[in-house]
Protein chains: 2
Amino acid sequence: MKTSIEDYIKHIYTLQDSKRRVGTAVLAQKMDITMPSVSEMVKKLTAAGYLRNKPYHGFLLTGEGEKIAVSLIRKHRLLEYFLLKVLNFEWDEIHQEAETLEHFVSDKFIDRLESVLDFPKFDPHGHPIPDGKGRIPNAKSLVLSDTVIGRNYVVSSVDDKSREILKYLKGIGIKIGSGFRIHDMLEVDKSVIIKFERKKYLLSKTISDSIRVTAK
Amino acid sequence: MKTSIEDYIKHIYTLQDSKRRVGTAVLAQKMDITMPSVSEMVKKLTAAGYLRNKPYHGFLLTGEGEKIAVSLIRKHRLLEYFLLKVLNFEWDEIHQEAETLEHFVSDKFIDRLESVLDFPKFDPHGHPIPDGKGRIPNAKSLVLSDTVIGRNYVVSSVDDKSREILKYLKGIGIKIGSGFRIHDMLEVDKSVIIKFERKKYLLSKTISDSIRVTAK
DNA sequence: ATATAAAATTAGGCAAACCTAATAAATGAT
DNA sequence: ATCATTTATTAGGTTTGCCTAATTTTATAT
């Protein structure tokens, strides 16, 4: 399977996770390419049976398409785990390397790796790792903006796309499993103020959006 | 660096190892592509400073080109070692997987892997693994056709390109370190007859060419 | 109901890496 | 020294995935 096709499928998968359907414009923006490029590829993916498309109403992955997406995510997360735990990469380095390798390691490679790593259930960013059959352990977590002021939460996952954010959080000591209280939420720009280890920190909307927590 | 460019460089490197200079025709045959394709790429590689070309007399890698080749070989061999020893792949499976991955693992990845594997000096086929600075431990080995009838030898390496040959050798029990005596060499087709563990085996020229040994 | 803005597509191009067919250049065997 | 053979290159074409510019389609806000 071609890298480019896999990339489209993966991006569509993550987008359709939140919004119900994905449009050409949104996908183009997310992938940082132009709309005609997306349009063309959507045609191809639809013909290949990975996508069902309703122009001006968005498209969705078929079962086939989802299978590929989940397999890629499985590879990505197991690779991240391996890079961090075995090869001692830093928290903020593993995403890039995994992003490349996920397209080239075989299923056999990843199954063996999973077994050697002793079947981890979550990757280093707290995201669940799909098993060999595509089943995904679900952790009912929520985004910071859905939390309640005054309550306590535990970090369950952090989006791994931005190295800057990962570095920043690492700097103030927040990691998977860290607990904090929601101190306040600013109306102006949706910033969140948390109280973590006796200190208050303001997290911009972008940062807080990348953190998922569970109630404690 | 593009996969295609790396592939050319690697193939040129292995060819210039035996013959002094490499020509368009030979390389095309080895890579299973046409001469015009090679011609075109040779122009590009020359412009990029990886190759020095003397039309009708062949080309050679520059220092730059060799550096890339050695780095790829280092990645390939460490990956093979990892696949066999850690992920428990079979002897005849590792080449293919390593061939793909070698183009996509970063230098950092491979350095960390080397360290986790405790700095192996030879890969599972008996080939020396270049170190991080490109130095290659040399084992003065010879091809079976350069051996002497009646003498004893130890297998030091086996070419990893053909799964069939690897499987066959595995079947009769020959591996790195196996010792045998050269019993005879047939003039007709350069076959070699060896005596290994009390039994005689005939090895076709193709097979014997893929085995390197050291005198014992 | 219609105009405008947003979304999508079409048309036409480019670069990379391959191809076939045709041609040119060099080697080397006589 | 010549000429057949081998080696290499040119010319022109294909596919893939991207691009810009132009155009069409749809949604929706009044």
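Chain letters run A, B, ... following the sequence lines, proteins first, then strands; residues in each count from 1. All values below come from the heavy atoms of this structure, side chains included, with hydrogens, waters and symmetry mates left out.
For dC19(C), one of the phosphate oxygens OP1 or OP2 lies less than 4.0 angstrom from a side-chain nitrogen or oxygen of S37(B).
The footprint of chain B on DNA chain D, defined by a heavy-atom cutoff below 4.0 Å, extends from dT7(D) to dT10(D).
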Table of protein N/O atoms under 3.5 Å from nucleotides 12-16 of chain C N/O atoms:
| from | atom 1 | to | atom 2 | distance (Å) |
| --- | --- | --- | --- | --- |
| dA16(C) | O3' | K2(B) | NZ | 3.3 |

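Screening H127(B), H76(B), H125(B) against H95(B) for a ring pair (Phe, Tyr, Trp, His ring centres under 6.0 Å) leaves a single residue, H76(B). Evaluated for a salt bridge (charged side-chain N to carboxylate O under 4.0 Å, His left out) with E114(A), the options K75(A), R77(A), R74(A) yield exactly one hit, R74(A).
Note on ring orientation: taking the six-membered ring where Trp is involved, the planes of F104(B) and F104(A) are parallel (angle under 30°, cut-offs 30° and 60°).
Atom pair F59(A):CZ and dA8(C):C1' shows a separation of 10 Å (rounding to whole Å applied). In this structure, the CE atom of M35(B) is 16 Å from the P atom of dA24(C), given to the nearest Å. Remark: C1' of dA8(C) and OH of Y56(A) are 4 Å apart, rounded to the nearest angstrom. To the nearest angstrom, P of dA25(C) lies 15 Å from NE2 of H57(B). Remark: P of dA17(C) and NZ of K43(B) are 14 Å apart, rounded to the nearest angstrom. What separates CD of E6(B) from P of dA17(C) is a distance of 12 Å, to the nearest Å. Whole-Å rounding puts the H11(B) NE2 to dC18(C) P distance at 11 Å. When the C1' atom of dA8(C) is taken as reference, atom CE of M41(A) falls 17 Å away, rounded to whole Å.
A salt bridge links K161(A) with D159(A): at least one charged nitrogen is closer than 4.0 Å to a carboxylate oxygen. Salt bridge absent: K167(A) and E90(A) never bring a charged side-chain N and a carboxylate O closer than 4.0 Å. The pair E64(B)-R52(B) does not count as a salt bridge, with every side-chain nitrogen at least 4.0 angstrom from each carboxylate oxygen.
If you find the closest nucleotide of DNA chain D to K54(B) and to Y8(A), the one lying nearer the 5' end belongs to K54(B).
Of the candidate nucleotides dA8(C), dA26(C), dT10(C), dT10(C) has the atom lying nearest to any side-chain atom of P36(A).
A distance-only check finds a donor-acceptor pair linking the side chain of R212(B) to the backbone of S141(B) [under 3.5 Å].
By the 6.0 Å and 45° rule, K54(A) does not stack over the aromatic ring of F59(A).
Among the protein residues, T34(A) comes within range of the nucleic acid bases, having at least one heavy atom under 4.0 Å from a base atom.
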>> side chain to side chain contact (heavy atoms under 4.5 Å, CB included) for R112(B) and N88(A)? Distances and angles first, verdict last.
In response: CA-CA 8 Å; R112(B) 294 293 175 89; N88(A) 300 305; 3.7 Å; yes
